[in-house]
> 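Please see the structure below; I have some questions.
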Amino acid sequence: MFLWGTATASYQIEGAATEDGRGASVWDTFTRQPGRVRDGHTGDVACDHYHRWSEDVTLLAGLGVNSYRFSISWPRVQPDGRGPVNERGLDFYDRLVDALCAEGIVPAATLFHWDLPQALEDRGGWLARDTAHRLADYTAVVAERLADRVPLWITLNEPFVHMAFGYGLGTHAPGHTLFMDALPVAHHQLLGHGLAVQALRTAGAERVLLTNNCTPVWPASASPEDARAAEAYDTLHNRLFNDPVLLGSYPDLSAYELDGIDAVRDGDLEIIAQPLDGLGVNYYTPTRIAAPSGTLPLPWEDAGVTGHPTTAFGWPVVPDGLRELLVGLRARYGDALPPVYVTENGCSLADEPGPDGVVDDQARVAFLDGHIRALGAAMAEGVDVRGYYVWSLLDNFEWAEGFTQRFGLVHVDFPTQKRTPKASYHWLRDHITTRPAPWNGD
Ligand code: FCB
């Protein structure tokens with residue numbers, strides 16, 4: 001059964017930031033620092049999903065999806081990131097999972113979607129090797145409670161983005177600006193992934209995935225300098241997080257004048273490279289890379305993709321990039337590539353209800369149609385794709401952009417929390433009803 005779903009993340013939708021024993025996360029801290037998030041927005045209330053989860057499950061059922069990807073808030077389950085477990089936090093996910101199962105919707109749970117307990121950040125966060133072990137302990141707690149009903153598990157969401165924005169550039173929590181010195185964060189997250197896989201297997205989890213943000217990388221010109229910079233970027237963005245997991249080795253970073261990852265210890269790669277049941281791939285847009293001009297201490301420069309329509313975020317819309325990406329992964333990894341799940345794909349638009357109350361997001365309909373066709377094309381070219389999750393079910397807290405970027409199939413009026421399904425919600429429902437799997441025909 002091909003899985004059609006939508007995806008969300010705890011900090012982006014739940015709110016109830018101090019309720020029922022939830023501890024603070026790095027995002028609670030970050031959003032309180034002036035100038036970090038647009039308009040000073042926070043996830044304190046977000047979509048109030050912690051209280052409105054039942055209404056949101058009804059929206060999923062109405063959409064007709066057979067799966068839903070959500071993330072579990074680590075500080076809700078373990079307020080200090082280690083030690084005592086907060087049963088009330090686990091109870092929330094228990095209720096959600098039961099409600100999904102009652103609707104015949106397969107729950108897909110992400111264990112870490114960036115909301116690290118602040119208490120662990122105080123002990124070094126992902127710069128500290130110990131955090132990997134803490135992730136494994138927390139995973140064991142969650143899996144013991146939910147693995148009997150949650151068949152699909154995702155250990156980490158986009159470790160590249162968390163490293164690059166959270167520790168490299170400082171635009172996401174915890175806000176460090178270490179540039180290339182952020183590399184140990186890659187290794188510690190991947191080690192945490194491997195240890196979490198072990199904990200999930202022990203708990204009898206059916207299917208275990210890692211979700212990476214992947215992008216096709218295009219050199220800005222035919223010059224050897226741009227080609228080399230593009231290769232460096234591809235290595236850092238894509239291969240650094242896929243190679244160790246799928247091939248059991250890190251790519252050679254020395255070729256790009258980057259330091260090797262000195263945090264690696266004997267035996268780590270065996271833990272990281274345990275077999276997976278799937279690779280989660282999040283795709284939004286391709287990346288065009290030029291040789292560095294020296295503005296930032298990085299061995300490349302983003303040259304920007306031109307000649308395509310853009311979303312409200314300014315991200316170029318390139319549906320065929322999804323086909324190119326998946327076919328490229330298959331070519332690079334061959335039989336080492338497990339089945340692929342597109343665990344996020346979507347676009348932000350300036351959606352507002354019209355005078356008739358309708359949110360007519362035809363650009364999102366075109367976006368989804370184009371990308372689902374590209375997925376069908378990749379499958380026709382031999383890529384084994386098992387699922388497609390739209391980011392996102394609801395308009396939500398879009399990290400550094402606060403509530404200004406609307407990605408939902410359902411519009412949320414934040415002051416009233418009123419949910420209004422958009423035209424794309426109705427389109428996707430009809431699409432799913434008539435097609436069991438993506439294809440690129442008429
Ligand atoms: C991805 C994140 C997700 C969301 C989308 C737009 O990188 O995983 O939480 O913010 O981008």
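Every number for a ligand or one of its atoms is a count from 1 in the order of the listing.
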> For R364 and D351: C-alpha separation, side-chain torsions, deciding distance, then whether salt bridge (charged side-chain N to carboxylate O under 4.0 Å, His left out) applies.
CA-CA 10 Å; R364 182 171 289 102; D351 299 315; 2.8 Å; yes

> Measure from the side-chain N and O atoms of H41 to the backbone N and O of F403, and report whether any donor-acceptor pair falls under 3.5 Å.
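Looks like yes, one N/O pair under 3.5 Å.
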
> Using non-hydrogen atoms of the residue, decide whether W114 is closer than 4.0 angstrom to ligand 1.
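For ligand 1, residue contact (heavy atoms, under 4.0 Å) with W114 is present.
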
> Which of the numbered atoms in ligand 1 are below 4.0 angstrom from a heavy atom of N157?
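This gives 8 (O) as the contact atoms.
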
> Within ligand 1, which atoms have a heavy atom of W399 less than 4.0 Å away?
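Answer, ordered by atom number: 3 (C), 4 (C), 9 (O), 10 (O).
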
> If you measure from atom 7 (O) of ligand 1 to every heavy atom of H172, E158, H162, E401, which option wins on shortest distance?
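Closest candidate by heavy-atom distance is E158.
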
> If we only count N/O pairs under 3.5 Å, is W315 in contact with ligand 1?
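In this structure, W315 places no N or O atom under 3.5 Å from an N or O of ligand 1.
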
> Of all the atoms in ligand 1, which lie at a distance below 4.0 Å from a heavy atom belonging to H113?
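Close to H113: 2 (C), 3 (C), 8 (O), 9 (O).
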
> For a quick check under 3.5 Å, do H113 and E158 share a side-chain donor-acceptor pair by atom type?
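Per modelled atom types, H113 and E158 side chains form no pair under 3.5 Å.
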
> Hey, which atoms in ligand 1 end up nearer than 4.0 Å to a heavy atom of F407?
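Ligand 1 atoms under the 4.0 Å threshold to F407: 6 (C).
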
> Does the distance from a Lys or Arg side-chain N to an Asp or Glu carboxylate O, for D277 and R201, drop under 4.0 Å?
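The answer is yes: the pair qualifies as a salt bridge.
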
> Report the part of V161 (side chain from C-beta onward, or backbone N, CA, C, O) that has a heavy atom under 4.0 Å from ligand 1; answer both or neither where that applies.
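Under 4.0 Å from ligand 1, V161 contributes no heavy atoms.
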
> Applying a strict 4.0 Å limit to heavy atoms, is Q405 in contact with ligand 1?
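No.
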
> Considering only the protein, which heavy-atom contact is closest to atom 5 (C) of ligand 1, and what is its distance?
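Ranked first by proximity to atom 5 (C) of ligand 1 is Y284 OH, 3.3 Å.
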
> Looking only at protein heavy atoms, identify the closest one to atom 10 (O) of ligand 1 and say how far it is in Å.
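The closest one turns out to be E398 OE1, 2.7 Å.
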
> If you draw a 6.0 Å radius around CZ in R123, do more than 12 non-hydrogen atoms from other residues or ligands fall strictly inside?
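Counting neighbours around CZ of R123, 12 or fewer heavy atoms of other residues, nucleotides or ligands fall under 6.0 Å, so no.
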
> Less than 3.5 Å apart, any donor N or O on the side chain of N213 or H237 sitting next to an acceptor on the other?
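Judged by distance alone, the side chains do pair up.
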
> Testing Y284, Y389, Y388, Y283 one by one against E344 for a side chain to side chain donor-acceptor pair (under 3.5 Å), which residue passes?
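The side chain to side chain donor-acceptor pair (under 3.5 Å) with E344 is passed solely by Y284 among Y284, Y389, Y388, Y283.
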
> Walk me through whether R76 and E14 qualify under salt bridge (charged side-chain N to carboxylate O under 4.0 Å, His left out).
CA-CA 11 Å; R76 220 181 260 299; E14 285 181 3; 2.7 Å; yes

> Tell me the protein heavy atom at minimum distance from atom 2 (C) of ligand 1, and give that distance in Å.
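For atom 2 (C) of ligand 1, the nearest protein heavy atom comes out as E344 OE1, 3.4 Å.
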
